[in-house]
Amino acid sequence: MINQLELMAAETDEEAKVTTIRKAITEVRNGIIAARKRANSTLADRENASHRLNNDGPPEGSKKH
């Protein structure tokens, strides 16, 4: 998508269109960065919680309660 927008900006002579396309490129890039951050934080949260939500806890005889 960014490549297509860059081609559009290069092919137009109207400054207003170029400015608008450049803003769109920036928004797409920011969206990609935000999506990566969300994906990384979601993955880390799952890794922290998974061991608590499965049956791999202590053996049956060692429960304290």
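Counting from 1, the numbers follow the sequence of the chain as shown.
Glu15 pairs with exactly one of Asp13, Thr19, Thr12 by the side-chain contact (heavy atoms from CB on, under 4.5 Å) rule, that one being Thr19.
A continuous path of hydrophobic side-chain contacts links Met8 to Met1 [ILVMFWY only; heavy atoms under 4.5 Å].
Here the straight-line distance linking atom CG of Asn40 with atom CZ of Arg36 works out to 9.0 Å at 0.5 Å rounding. From Ile21, atom CD1 reaches atom CD of Gln4 across 11.5 Å, with rounding to the nearest 0.5 Å.
A search for side-chain contact (heavy atoms from CB on, under 4.5 Å) contacts involving Ala24 returns Leu5, not counting sequence neighbours.
In this structure, Leu7 and Asn3 have side chains that are not in contact, with every pair of non-hydrogen atoms separated by 4.5 Å or more. Looking at Ile32 and Ile2, their side chains come closer than 4.5 Å, going by heavy atoms from C-beta outward.
With Ser41 contributing its side chain and Arg38 its backbone, the two residues share a donor-acceptor pair below 3.5 Å.
Among pairs with a residue in residues 16-31, those fulfilling salt bridge (charged side-chain N to carboxylate O under 4.0 Å, His left out) read Glu6-Arg29, Glu14-Lys17, at least two apart in sequence or across chains.
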